[in-house]
Amino acid sequence: MRLSMALANAVYDRRTELGLTQAELADRAGLTQAKVSRIEGSDTVPTLPLLAKLAEALDATLNIALDNDNTQVSFTGHRTNAA
């Protein structure tokens, strides 16, 4: 349950950081808005392929650290290189 909630918070935080609605994120990831809502509500645990889609749609790298009492999930945004 802790992992699901950490993921939900990380998706929400990155989505809002980018100024995206759930529908916009869903469109970018090839999902439905309802699926994004379930992920952010920690009502579902996404598969690895779905996590990869989310990371790509959020233009970020997904970081997950699992330890006995410490679960951390975060998205690290990709930096764009200025020419």
Side-chain angles (χ1 to χ4, degrees):
M1 185 60 121
R2 194 175 331 167
L3 177 58
S4 181
M5 291 193 70
L7 177 64
N9 289 334
V11 171
Y12 173 83
D13 290 346
R14 179 64 180 161
R15 177 179 65 77
T16 57
E17 178 182 320
L18 294 174
L20 299 173
T21 65
Q22 286 184 345
E24 290 168 332
L25 174 56
D27 187 53
R28 282 182 171 203
L31 305 171
T32 64
Q33 181 275 327
K35 182 70 169 180
V36 172
S37 178
R38 285 194 302 274
I39 293 167
E40 288 188 359
S42 68
D43 296 332
T44 186
V45 177
T47 62
L48 289 174
L50 192 126
L51 290 173
K53 283 183 183 182
L54 280 173
E56 183 177 345
L58 291 168
D59 191 30
T61 299
L62 175 60
N63 307 291
I64 301 174
L66 303 173
D67 201 352
N68 289 336
D69 295 327
N70 187 19
T71 299
Q72 296 178 351
V73 179
S74 65
F75 287 94
T76 304
H78 297 148
R79 295 181 184 201
T80 57
N81 294 330

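Worth knowing before you read on, the calculation uses all heavy atoms, side chains too, and leaves out hydrogens, waters and symmetry mates.
- The heavy-atom pair separating Ala60 from Phe75 by the smallest distance is CB-CB, 3.8 Å.
- Under the salt bridge (Lys or Arg N to Asp or Glu O under 4.0 Å) criterion, Glu24 pairs with no residue at all, not counting sequence neighbours.
- Here the CG-CG distance, from Asp69 to Asp67, works out to 7.5 Å after rounding to the nearest 0.5 Å.
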Donor-acceptor list for residues 34-48 side chains, cut-off 3.5 Å, not counting sequence neighbours:
{"from": "Glu40", "atom 1": "OE1", "to": "Arg15", "atom 2": "NH2", "distance (Å)": "3.1"}
{"from": "Glu40", "atom 1": "OE1", "to": "Gln22", "atom 2": "NE2", "distance (Å)": "2.8"}
{"from": "Glu40", "atom 1": "OE2", "to": "Arg15", "atom 2": "NE", "distance (Å)": "2.6"}
{"from": "Thr47", "atom 1": "OG1", "to": "Leu50", "atom 2": "N", "distance (Å)": "3.3"}

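- By the side-chain contact (heavy atoms from CB on, under 4.5 Å) test, Asn63 is found to be paired with Thr61, Ser74, Thr76, residues two or more places apart in sequence or in another chain being considered.
- With sequence neighbours left out, the side-chain contact (heavy atoms from CB on, under 4.5 Å) criterion links Leu66 to Leu3, Ile64, Thr71.
- Thr16 meets the side-chain contact (heavy atoms from CB on, under 4.5 Å) test with Tyr12; sequence neighbours excluded.
- Note: Arg28 CZ to Leu58 CG = 7.5 Å, rounded to the nearest 0.5 Å.
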Apply side-chain contact (heavy atoms from CB on, under 4.5 Å) to Asn9 and Val73, showing your working. CA-CA 8 Å; Asn9 289 334; Val73 179; over 6 Å; no

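- Judged as a side-chain contact (heavy atoms from CB on, under 4.5 Å), and not counting sequence neighbours, the contacts of Ala23 are Thr21, Gln33.
- Taking the charged nitrogens against the carboxylate oxygens, Arg14 and Glu17 do have a contact shorter than 4.0 Å, which makes a salt bridge.
- The side chain to side chain contact (heavy atoms under 4.5 Å, CB included) with Leu25 is formed by just one residue from the set Leu31, Leu18, Leu54; it is Leu54.
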